[in-house]
Colleague: 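One structure, pasted below without further comment.
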Number of protein chains: 2
Amino acid sequence: MTTTGVDGFALLDEIWRTVTPEAARRMLIAAVRAFAEKGYHATTTRDIASLAGMSPAAVYIHYRSKEELLFNISLVGHETSLALLAGIEGDDAVERLKNAVSAFAGWHAAFHTTARVVQYELSALSAEHHERVAELRRQIEQRMRSYLEDGVAEGVFDVPDVKGATLAVLSLCIDVARWYQPGGKRTPDEIGALYADLVLRMVRPAT
Amino acid sequence: MTTTGVDGFALLDEIWRTVTPEAARRMLIAAVRAFAEKGYHATTTRDIASLAGMSPAAVYIHYRSKEELLFNISLVGHETSLALLAGIEGDDAVERLKNAVSAFAGWHAAFHTTARVVQYELSALSAEHHERVAELRRQIEQRMRSYLEDGVAEGVFDVPDVKGATLAVLSLCIDVARWYQPGGKRTPDEIGALYADLVLRMVRPAT
DNA sequence: GTCTATAGAAGGATAGAC
DNA sequence: GTCTATCCTTCTATAGAC
């Protein structure tokens with residue numbers, strides 16, 4: 001089976017399990033893998049079809065174009081990570097920020113294949129599709145900012161520049177998708193824990 | 001003039017001024033702009049030639065291939081940022097880390113056009129060329145780690161996981177190239193200062 | 001729905017004149 | 001060194017059989 005193994009491809013099934021029919025899902029997962037590895041423009045429709053074990057023409061049975069394939073991936077990927085960030089729980093602002101950073105950074109490691117397409121292929125989207133995902137990205141930013149603002153309001157965080165700190169925290173988590181490799185020393189959970197610790201140190205008052 | 005203006009293109013001349021003859025430099029700068037904006041694979045040799053104000057065939061007068069153009073950009077870009085990081089001065093470990101982060105993050109903002117190609121087009125390099133720049137990237141990591149290690153040795157930093165913190169700090173600076181836009185609210189210097197402050201907060205002892 | 005075959009366009013790189 | 005013209009390959013997408 002091409003979508004399982006130690007390289008994290010097993011997790012692709014988890015994100016894309018709602019896509020039907022099965023051939024459309026196989027094609028989408030093949031596209032995610034190819035786009036993540038070589039980039040959207042370096043990937044040919046033949047690459048995708050071949051990875052999915054089908055003929056070059058089979059791509060167009062379920063998708064109108066290569067770009068529509070990318071848009072599907074980008075949209076669902078953004079919706080998934082936004083839902084993750086919006087569903088953070090915790091008793092106080094410290095715990096909520098910790099959980100948010102841990103989850104968001106960890107997601108970019110565990111689902112690095114999807115995350116790479118989500119974060120680094122935005123410019124390949126059509127203008128209309130780009131605007132659709134840009135709206136989701138604004139919501140992601142708002143969520144993360146609210147976790148910082150809560151702590152400032154409660155007086156448990158010391159953050160001189162909340163907008164700048166939000167930018168930095170998101171940036172830190174997103175960039176995990178660029179450098180993470182499944183064979184490395186750290187698991188996604190460990191990366192989440194490391195980053196949550198670093199961010200909490202960043203916002204803690206001097207006392 | 002195509003290489004000046006408020007959008008940061010003036011700074012391209014600064015990095016590439018040693019490239020001669022002038023037509024080769026114009027072609028290289030055109031390639032940097034095109035690669036940064038659309039990505040290596042989405043850029044055609046005709047795009048590059050057109051931006052440089054020359055014919056499609058003119059690309060091959062000074063460069064053997066499109067990939068060689070990319071390699072030139074990537075090599076010089078890596079060497080420049082490594083030299084910057086290696087030349088950091090400061091009286092103590094705190095000041096050196098502050099200056100290092102400020103300079104490295106600021107470089108990725110000021111020279112975001114070049115930095116984008118440097119950081120996000122590695123996979124388009126040939127295997128041999130990729131190895132050449134990978135060595136430079138290892139040196140960059142070592143430099144940043146040494147600034148953290150110095151502070152730990154002096155007892156002025158509290159960093160439980162130096163390797164992990166190095167990764168995070170580099171990651172933070174590098175990702176500036178992805179999100180930075182010249183029209184934004186912050187200047188490269190301000191981003192450098194913001195990030196230096198955030199990193200120093202991250203490593204400061206609890207007291 | 002899936003295939004084979006292919007149309008039609010575009011891209012990297014070269015030939016040869018100037 | 002630079003241009004015009006073009007070769008040859010590869011690509012996205014479609015046509016039409018099964």
Side-chain angles (χ1 to χ4, degrees), chain A residues 2-3 16 18-74 117 121 123-130, chain B residues 2-3 16 18-74 117 121 123-130:
Chain A
T2 56
T3 57
W16 306 108
T18 58
V19 178
T20 54
E22 199 257 346
R25 177 169 61 250
R26 256 178 29 229
M27 203 64 84
L28 202 92
I29 290 176
V32 173
R33 290 176 54 191
F35 291 164
E37 192 183 322
K38 321 189 342 179
Y40 175 81
H41 286 105
T43 298
T44 70
T45 53
R46 283 174 176 79
D47 291 336
I48 298 168
S50 173
L51 262 180
M54 300 181 82
S55 77
V59 170
Y60 299 91
I61 297 169
H62 300 287
Y63 301 94
R64 256 186 283 227
S65 66
K66 192 172 102 166
E67 192 272 344
E68 193 181 282
L69 216 27
L70 174 65
F71 176 55
N72 267 271
I73 295 164
S74 193
V117 182
E121 302 297 344
S123 72
L125 292 167
S126 72
E128 292 77 14
H129 289 163
H130 188 278
Chain B
T2 54
T3 58
W16 307 108
T18 59
V19 178
T20 55
E22 199 256 346
R25 177 168 62 251
R26 264 193 3 243
M27 202 63 84
L28 203 90
I29 291 176
V32 174
R33 291 176 54 190
F35 291 164
E37 192 182 322
K38 318 184 353 174
Y40 175 81
H41 286 104
T43 299
T44 70
T45 53
R46 284 170 176 79
D47 290 336
I48 298 168
S50 173
L51 260 180
M54 300 182 82
S55 76
V59 170
Y60 299 91
I61 297 169
H62 300 287
Y63 301 94
R64 256 188 283 230
S65 65
K66 191 173 103 168
E67 192 272 345
E68 194 180 280
L69 215 29
L70 174 65
F71 175 56
N72 266 273
I73 295 164
S74 193
V117 182
E121 300 298 343
S123 71
L125 292 167
S126 72
E128 294 76 16
H129 289 164
H130 187 277

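These figures come from a predicted structure and were not determined experimentally. Chain identifiers are assigned alphabetically (A, B, ...) following the order of the sequence lines, protein sequences preceding nucleic acid strands; residue numbering begins at 1 within each chain.
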Colleague: Hey, what are the protein-to-nucleotides 16-18 of chain D N/O distances that come in under 3.5 Å?
Modeller:
none

Colleague: Grab the CD1-C1' distance between A/Ile48 and C/dT2 for me, whole Å please.
Modeller: 17 Å

Colleague: Which residues satisfy the ring pair (Phe, Tyr, Trp, His ring centres under 6.0 Å) test with A/Tyr60, sequence neighbours excluded?
Modeller: none

Colleague: Sort and list the pairs that fulfil side chain to side chain donor-acceptor pair (under 3.5 Å) and have at least one residue in residues 35-44 of chain A, not counting sequence neighbours.
Modeller: A/Lys38-A/Asp47, A/Thr44-A/Asp47

Colleague: What contact category does A/Ser55 fall into here, base, sugar-phosphate, or nothing, at under 4.0 angstrom with non-hydrogen atoms?
Modeller: base

Colleague: Just jot down the side-chain contact (heavy atoms from CB on, under 4.5 Å) partners of A/Ala24, sequence neighbours excluded, or say none.
Modeller: A/Val19, A/Pro21, A/His62, A/Tyr63

Colleague: What pairs with A/Glu68 under salt bridge (Lys or Arg N to Asp or Glu O under 4.0 Å), at least two apart in sequence or on another chain?
Modeller: A/Arg64

Colleague: Whole-Å distance between D/dA13 P and A/Glu68 CD?
Modeller: 10 Å

Colleague: Rounded to whole Å, how long is the line connecting atom NE2 of B/His41 with atom P of D/dT10?
Modeller: 14 Å

Colleague: Show me the protein contacts with nucleotides 13-15 of chain C, counting only N or O atoms at under 3.5 Å.
Modeller:
| unit_1 | atom_1 | unit_2 | atom_2 | d |
| --- | --- | --- | --- | --- |
| C/dA13 | OP2 | B/Tyr60 | OH | 2.9 |
| C/dA13 | OP2 | B/Lys66 | N | 3.1 |

Colleague: I'd like to check the salt bridge (Lys or Arg N to Asp or Glu O under 4.0 Å) partners of B/Arg26; sequence neighbours left out, ordered by chain and number.
Modeller: B/Glu22

Colleague: Output the single nucleotide from D/dC11, D/dT2, C/dG1 whose closest atom is nearest the side chain of B/Ile61.
Modeller: D/dT2

Colleague: Expressed as a whole number of angstroms, how long is the span from A/Lys38:NZ to D/dT10:C1'?
Modeller: 12 Å

Colleague: Excluding sequence neighbours, so at least two apart, what forms side-chain hydrogen bond (donor to acceptor under 3.5 Å, both in side chains) with A/Thr45?
Modeller: none

Colleague: If you check every side-chain atom of B/His62, which of D/dC11, D/dT2, C/dT2 has the closest atom?
Modeller: D/dT2

Colleague: Any side-chain heavy atom of B/Glu67 within less than 4.5 Å of one from B/Leu125?
Modeller: yes

Colleague: Checking A/Ser50 now: which residues fulfil side-chain contact (heavy atoms from CB on, under 4.5 Å) with it, not counting sequence neighbours?
Modeller: none

